[in-house]
Amino acid sequence: MPASELCFTSATDLVLMIRRKEVSVTEVMEAHLAQVDRVNPAVNAIVTYHPDQALDGARKADEAIARNEARGPLFGLPIAHKDLVLTKGVRTTYGSPIFRDFVPGQDELIVERLKKAGAISFGKTNVPEFGAGSQTFNPVFGATLNPYDTDRTCGGSSGGAAVALACGMLPIADGSDMGGSLRNPANFCNVVGLRSAPGRVPRWPSVNAWGRLSVQGPMARTVADAALMLSAIAGPDPRAPLAIREPGQPFAMPLERDFKGVSVAWSMDFGGLPVDPEVTSAIEAKRGVFEDLGMTVKPGQPDFAEADEVFKTLRAWSFIQGYGDLLETHRDRIKDTVIWNLEAGFALTGPQIARAEVDRTTLYHRVRRFMEHHEFMVFPVSQVPPFDVNTPYPTEIDGVRMETYIDWMKSCYYVTVTGLPAISVPCGFTSSGLPVGLQIVGRHEDELGVLQLAHAFEQATGTWKRRPTVAGA
């Protein structure tokens, strides 16, 4: 197999090839590092890079294989970590000039687990400043470009991860998602991003160990690869009090399933959100795939009336928890949209926060009752296709004015508020060749069902196989 093709071999196949000694870990690492050297200058996805350290880790992995000591479901796979994630001894900037030279003294739990599973890191992936806004640019490293059109955004905040995957620089990547940061960039870059239920992938350290708005999770080019990664990073940990107690191993099982007679609710606008016609057209063209799977596709969606206010309140509250102290000491080094979110947080009252929690509970139960009749819901991931990379955020969608810098992300953050698992899976392309993903939402803590349906859809469409030209396809 040519080295360039190793870069587009699935993670599940790479693991098997390494274990069967059909290819060495060093060969796999060298192929991916060569792809980074070749493609990254055109897209700016990998921002902190340590190839020598990665090659040393690969050689040690090969020595372990020679001793029959290979361990872990991700053994030998290259990975890079989102630049919001703490990595011991490796710079973590949060995309902020305040932390330009910050080197943590510990790994986050997700990094610990990826290392234990045998993955080998060679760097960090780019993010928006403090992960705010689904558009990946910051004053430390600049913008990450969409590989399908480098004049367009890749989304965010896991934008560098999505681009690195699409370009064959990584077989798997970690990300995080508050308002769509795993789903939106996957959608814009023709890869897979899974937002799991809060607690499925435990978080530590965390300023709020009981927080349920933001989660971490897997990104990959295929659903099976995302499931494999989830099997390694899910499971309980005493440092994370909300961690789901089920182990992660079941997610590594085959994803085939019979969907005959299963009901799916189909909505292109959440009951009234503006959506670009190009997005709607690309998704509607694949409605028949679900019908061909034997599913009952019914139009409709639950009422998301409280979702907007709940999300904006709890998001502002979480910004205060995470970055509130910086506003007084470093205001001149923080971007305006983050300042807006922080000031919104400081302006919150106790009754507003209480109402948001009560309304979130009301919304959850309304959606739960709706899903007693539908095992899945299908929505757009994003309301717009990838937009101009020089535009910080869309201010209008299909003639409707956006009030804030996050309003264009409602199709993602409405789902966030419910706490339900959701995945972005490649669906199609606009008339100009820009990726469009499809969002599958499942019942409470049913990541397996979501992965199974996304896998069936992926296998029926093959959309994920279309590589970006910049990657050397």
Side-chain angles (χ1 to χ4, degrees), residues 82-86 92-100 102 104 108 127-140 156-157 176-181 184 198 203-216 241-242 304-364 392-395 401-410 412-419:
K82 187 173 180 178
D83 203 22
L84 300 181
V85 175
L86 295 175
T92 302
T93 75
Y94 308 98
S96 166
I98 301 169
F99 295 95
R100 182 187 299 270
F102 173 57
E108 282 197 29
V127 297
E129 185 176 333
F130 295 118
S134 286
Q135 219 280 53
T136 298
F137 67 94
N138 62 65
V140 181
S157 62
S176 55
D177 186 310
M178 177 183 288
S181 292
N184 165 259
R203 302 196 67 169
W204 178 87
S206 173
V207 294
N208 179 5
W210 280 263
R212 291 181 175 269
L213 205 62
S214 181
V215 305
Q216 293 175 328
L242 293 184
F304 287 91
E306 302 89 353
D308 188 53
E309 187 64 28
V310 168
F311 180 78
K312 286 175 178 172
T313 298
L314 298 182
R315 177 185 173 90
W317 187 232
S318 72
F319 267 63
I320 291 298
Q321 294 167 0
Y323 309 114
D325 293 344
L326 298 177
L327 191 58
E328 181 177 351
T329 56
H330 295 286
R331 186 185 184 98
D332 60 335
R333 304 176 76 187
I334 301 173
K335 69 177 179 180
D336 58 348
T337 48
V338 174
I339 291 174
W340 173 82
N341 245 149
L342 288 167
E343 290 181 336
F346 280 118
L348 289 173
T349 65
Q352 283 178 298
I353 298 168
R355 173 52 54 190
E357 295 288 6
V358 170
D359 286 348
R360 188 180 190 186
T361 300
T362 299
L363 175 61
Y364 169 78
Y393 53 90
T395 57
R401 185 77 179 172
M402 301 293 102
E403 296 180 2
T404 76
Y405 85 111
I406 59 173
D407 277 56
W408 68 278
M409 300 155 52
K410 288 180 180 180
C412 275
Y413 71 66
Y414 277 18
V415 176
T416 291
V417 173
T418 69

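For reference, positions follow the sequence shown, starting with 1. All figures in this text were calculated on a predicted structure; none of them were measured in a lab.
Listed by chain and number, the residues in a ring pair (Phe, Tyr, Trp, His ring centres under 6.0 Å) with F346 amount to none (sequence neighbours excluded). Residues satisfying the side-chain hydrogen bond (donor to acceptor under 3.5 Å, both in side chains) criterion with R360, sequence neighbours excluded, are absent altogether. Here R355 pairs with D359 under the salt bridge (Lys or Arg N to Asp or Glu O under 4.0 Å) rule; sequence neighbours left out. T362 is linked by a side-chain hydrogen bond (donor to acceptor under 3.5 Å, both in side chains) to nothing, counting only residues two or more places apart in sequence or in another chain. Remark: F102 engages L86, T92, Y94, F99, P104 in a side chain to side chain contact (heavy atoms under 4.5 Å, CB included) (not counting sequence neighbours). Remark: Y414 engages F270, F304 in a ring pair (Phe, Tyr, Trp, His ring centres under 6.0 Å) (not counting sequence neighbours).
Here the side chains of P392 and F137 are in contact, with some heavy-atom distance below 4.5 Å. Looking at heavy atoms from C-beta onward, V310 lies out of side-chain contact with L363 at the 4.5 angstrom threshold. Residues D407 and K312 are in side-chain contact: their nearest non-hydrogen atoms beyond the backbone lie under 4.5 Å apart. Looking only at side-chain heavy atoms (C-beta outward), L314 and V417 stay at 4.5 Å or farther from each other. The side-chain heavy atoms of M402 and W408, taken from C-beta on, include a pair separated by under 4.5 Å. Between W317 and L213, the closest side-chain pair of non-hydrogen atoms is not below 4.5 Å. In this structure, T404 and W340 have side chains that are in contact, with non-hydrogen atoms separated by less than 4.5 Å.
Using a distance-only test at 3.5 Å, with no hydrogens or angles considered, a donor-acceptor pair links the side chain of E129 to the main chain of K335. Using a distance-only test at 3.5 Å, with no hydrogens or angles considered, a donor-acceptor pair links the side chain of N184 to the main chain of G156.
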Do V338 and Y323 pass the side-chain contact (heavy atoms from CB on, under 4.5 Å) test, and can you show the C-alpha distance, the side-chain angles, and the key distance before you say yes or no? CA-CA 9 Å; V338 174; Y323 309 114; 5.5 Å; no
Side chain to side chain donor-acceptor pair (under 3.5 Å) assessment of Y405 paired with D336: CA-CA 10 Å; Y405 85 111; D336 58 348; over 6 Å; no
Are S157 and K82 close enough, and set up right, to give a side-chain contact (heavy atoms from CB on, under 4.5 Å), and what steps lead you there? CA-CA 9 Å; S157 62; K82 187 173 180 178; 2.7 Å; yes
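Evaluated for a side-chain contact (heavy atoms from CB on, under 4.5 Å) with Q216, the options V85, D177, L84 yield exactly one hit, V85.
With respect to the salt-bridge test (charged N to carboxylate O, under 4.0 angstrom), the residues E343 and R331 qualify.
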